[in-house]
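Quick notes on the structure that follows.
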Amino acid sequence: MAIVKMKKIIIAAPESDKDSMLSTIQSENCIEIVDLKSSVEIEELDYTKSGNTVSQIEVDLNNIKFTYDFLKQYNKKKHGILDKKETLTEKEFKQLGSSLRWKDIYLQCKEIKEKLELNKNEISKLYSLIEQYTPWINLDINDEKLKGLKKISYFWGSISKKFENQMYDELKSEFNDIYIERISEKGQSINLFLLGYKDDEHNISDVLKKYGFTNNNLNLSDMPKDKINEFNEKIHSLENECQKMKTKAEKLAEDIGYIEKLCDYFSSKLDKQKVLSNLIETKKTFILEGWITENNSEKMKSFLKSKYEYIYIELKDVSESDNPPIKLKNNFLVEPFEAITSLYGLPNFSEVDPTPVLTPFYMIFFGMMMADIGYGLVMIAASLFMLKFIDMADGMKKIVKLIFYCGFPTILFGFLYGSFFGGIISLKPLWVSPVDNTVEVLIASLVMGIIHIFTGLGVKAYMLIKDKKYKDAFYDVFSWYGLIIGLICMLLKVGGKFPKILAGVSALVLLLTQGRNNKSIAGKFFGGLYGLYGITGYLGDTLSYSRLLALGLSSGLIGWAFNILVGMVGGKGFVSMIFAALIFIIGHTFNILIGGLGTFVHTCRLQYLEFFGKFYEGGGKAFSPLKFNTKYVKIKTE
């Protein structure tokens, strides 16, 4: 139950050493700097010196991220899952900021993107114009020809197909000399070109309006077919220009590794600069406050004093009013299961780390639900491969190690249940088959649940006794032990009269004490009665462990079903064997993934509700020291 002890560290030093000292603290990765100005109110102190600096670094970082996101689209050399991150020394990492070559790359990327977007919009407009001119491609006339018509007016536009004949009849009956050409038809719309005498222009226009004729406003400086050819040539030219821009971007993308390093550099620089807003400063000095682990405190104090001549450092123990960050420290077996605790919430500083107690139960429950030798071997092999060949963040590495460790109980219960890839090979169970002995496995599951719940109550008792709350430990833990044990013994009809006495006395104690915090007698009584009613909650919690049987059965039966399909498809022929192998591989891969996910979720549920619910609050804040936060490279500290 290892929550690392913390010390509060206060540092005062000359303003001239501020940047160097923050860089040193970032390199050492051991101090979390907190907001000091929120707890100190002195008008003479300046809190805002660094605001502009942070803004400029944020601008630089945003420009670098833009450059990276843009070049990533054109990078032909993609990162593979097995690619290792490049390792830089701290000196090499810091020297990245001395190069301004990235600014030229950024400006080129920005220019290319703007041109590509401009050309894309222009091409879109041209395609839209082609779409508008295409219905008129058979109209072999332009403005120059139309201007030669001194006494003739022209109309071109669209009308609904259903009014076409009526309009024809009326125009021909009222105007002797009128020319109507049907250019094209699109859906329910007819495109027409009409010629008539200028003296009849208004009358013709009135008739056209009557039938909903829509005039076309397209430019006829050239014939429609010539316009379309012109647009296609422009599109071809713009597309060629876009291709040249993309080729240039692909050339720039060869430097994407350099840009990735700069992303990490500016991210780390921004982290350091943001810390400045947590300091309090005068014209010549600055003060910072933070948290450091107890085992590093004296070493860091000596190191800073040896490096800086004028420095004041004070170390303080954690007080009751403090809320220090939480860092967990466990052995190699328990450490991966810290991920399960973190998903729920880290313990607060007054609690214990539940991870060491959680670990054996998590492994057993996972094994009972997954329960297959083959699946366990796959889990171990896959996790070993990932740990050996794939660069992963610390959080992901913990999850992979957790899968590795859970592979062993999965194999163990596979032997106990006699399951190898859902029974593809017949094995005699070392214990029982869940399918044939369901009740026996159910009883074992409920027994494991009772042990798990009792362990949670035991941790609660430990915490209360540690805080010297002996009465609370007796009232809230040992009385429940007595009641539950007494009821179980009565159910099993063992122990004679003693279980009845034990259960009765424990129930009486619970009735008299569970409402002890209420002020009135009635409140105490009904509070105790309600507390005693909590026995139904323990019953529900215990029954919840029946999922250990249910998940184990479902995973095994799904694997068994795939094996039946393999047997039905498989035969003596080569093709049949190929199909059988595919069904086996795909089916069992699916079952491992889905079964593993379900097992993970339900095992977590048993920890979070049935176990943590007995003693654990959580709500701790993770220890987050100032450090180099890198995504693309590794930093080898000197």
Side-chain angles (χ1 to χ4, degrees), residues 55-81 83 99-140 142-143 156-158 183-189 191 214-267 270 631-632:
S55 298
Q56 184 56 50
I57 293 173
E58 285 176 334
V59 170
D60 288 343
L61 179 58
N62 287 335
N63 290 343
I64 285 288
K65 286 182 176 179
F66 162 81
T67 305
Y68 174 73
D69 290 337
F70 177 76
L71 293 181
K72 188 168 63 173
Q73 307 169 61
Y74 302 99
N75 181 28
K76 292 183 177 180
K77 187 180 178 182
K78 305 295 182 182
H79 285 302
I81 192 172
D83 288 347
S99 171
L100 298 178
R101 186 163 60 91
W102 69 269
K103 290 190 176 182
D104 181 56
I105 297 174
Y106 160 71
L107 291 174
Q108 289 186 68
C109 290
K110 186 179 178 183
E111 181 184 3
I112 291 170
K113 185 175 182 182
E114 287 174 353
K115 283 185 177 179
L116 286 173
E117 289 180 348
L118 189 66
N119 287 357
K120 183 180 177 181
N121 291 335
E122 185 63 25
I123 289 171
S124 179
K125 289 178 183 177
L126 290 171
Y127 274 121
S128 177
L129 287 171
I130 288 174
E131 187 178 354
Q132 294 176 51
Y133 275 96
T134 298
W136 302 95
I137 196 168
N138 294 324
L139 183 64
D140 53 352
N142 57 27
D143 283 341
W156 66 312
S158 304
I183 304 298
S184 64
E185 177 182 335
K186 187 176 181 181
Q188 295 299 314
S189 181
N191 298 307
T214 304
N215 282 306
N216 201 326
N217 296 318
L218 292 175
N219 187 333
L220 270 181
S221 56
D222 292 308
M223 288 187 289
K225 64 179 179 181
D226 295 331
K227 279 283 186 184
I228 291 172
N229 290 333
E230 179 189 343
F231 296 150
N232 280 323
E233 287 175 4
K234 285 183 179 179
I235 289 171
H236 181 69
S237 175
L238 290 170
E239 286 177 342
N240 285 339
E241 187 178 345
C242 286
Q243 188 56 48
K244 289 178 182 178
M245 292 294 103
K246 289 176 181 179
T247 302
K248 187 177 180 181
E250 288 172 1
K251 183 69 177 174
L252 290 173
E254 293 175 3
D255 268 338
I256 197 166
Y258 166 66
I259 299 299
E260 287 176 341
K261 294 173 191 174
L262 285 169
C263 281
D264 285 342
Y265 171 77
F266 279 102
S267 293
L270 183 61
K631 181 179 179 182
Y632 303 104

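If you read the sequence from its start, that first residue is 1, and numbering goes on from there.
At a threshold of 4.5 Å between non-hydrogen side-chain atoms, the residues Trp136 and Asn216 count as touching. In this structure, Leu118 and Glu122 have side chains that are not in contact, with every pair of non-hydrogen atoms separated by 4.5 Å or more. Contact annotation: the side chain of Ile112 approaches that of Phe70 to within less than 4.5 Å [non-hydrogen atoms, C-beta and beyond]. When side chains are defined from C-beta on, Leu220 counts as touching Trp156, because their heavy atoms get closer than 4.5 Å. Using a 4.5 Å cut-off on side-chain heavy atoms (C-beta onward), Ile64 and Tyr265 make no contact.
The main-chain N or O of Asn219 is found under 3.5 Å from a side-chain atom of Tyr133 such that the two form a donor-acceptor pair. Remark: side-chain polar atoms of Ser128 are not paired, donor with acceptor, to backbone N or O of Ser124 under 3.5 angstrom. In this structure, Ser237 contributes its side chain and Glu233 its backbone to no donor-acceptor pair below 3.5 Å. With hydrogens and angles ignored, the 3.5 Å screen pairs a side-chain donor or acceptor of Asp264 with a backbone N or O of Lys631.
Counting all heavy atoms, side chain and backbone alike, Leu270 lies closest to Glu58 at CD1-CG, 3.5 Å. Across all non-hydrogen atoms, the minimal contact from Asn191 to Ser158 is OD1-OG, 2.7 Å. The nearest pair of heavy atoms linking Asn119 to Leu238 is OD1-CD2, 3.6 Å. Residues Cys109 and Leu71 approach most closely at SG-CD2, 3.5 Å, considering heavy atoms. Between Leu61 and Cys263, the closest heavy-atom pair is CD1-O, 3.8 Å.
The CG atom of Leu129 lies 10.0 Å from the OG1 atom of Thr134; values are rounded to the nearest 0.5 Å. Atom NZ of Lys227 sits about 10.5 Å away from atom CG of Leu126, to the nearest 0.5 Å. Here the NZ-CE distance, from Lys113 to Met245, works out to 15.5 Å after rounding to the nearest 0.5 Å. To the nearest 0.5 angstrom, Glu230 atom CD is 7.0 Å from Ser221 atom OG. Atom NZ of Lys248 is separated from atom NZ of Lys244 by 12.0 Å, given to the nearest 0.5 angstrom. Distance check: Asn138 CG to Ser184 OG gives 7.5 Å after rounding to the nearest 0.5 Å.
The pair Lys115-Glu111 meets the salt-bridge criterion, since a charged nitrogen lies less than 4.0 angstrom from a carboxylate oxygen.
Residues Asp104 and Gln108 bring a donor and an acceptor atom of their side chains to less than 3.5 Å of each other. For the 3.5 Å distance criterion, the side chains of Asn232 and His236 fail to qualify, holding no donor opposite an acceptor. Judged purely by distance below 3.5 Å, without hydrogens or angles, the side chains of Asn121 and Glu117 never pair a donor atom with an acceptor atom.
Close placement of the Phe266 and Trp102 rings is indicated, their centers lying within 6.0 Å of each other.
A tilted orientation is assigned to the rings of Tyr632 and Tyr68, their planes being inclined by 30° to 60°.
Under the side chain to side chain contact (heavy atoms under 4.5 Å, CB included) rule, Lys72 has a single partner from Thr67, Ile256, Ile259, which is Ile256.
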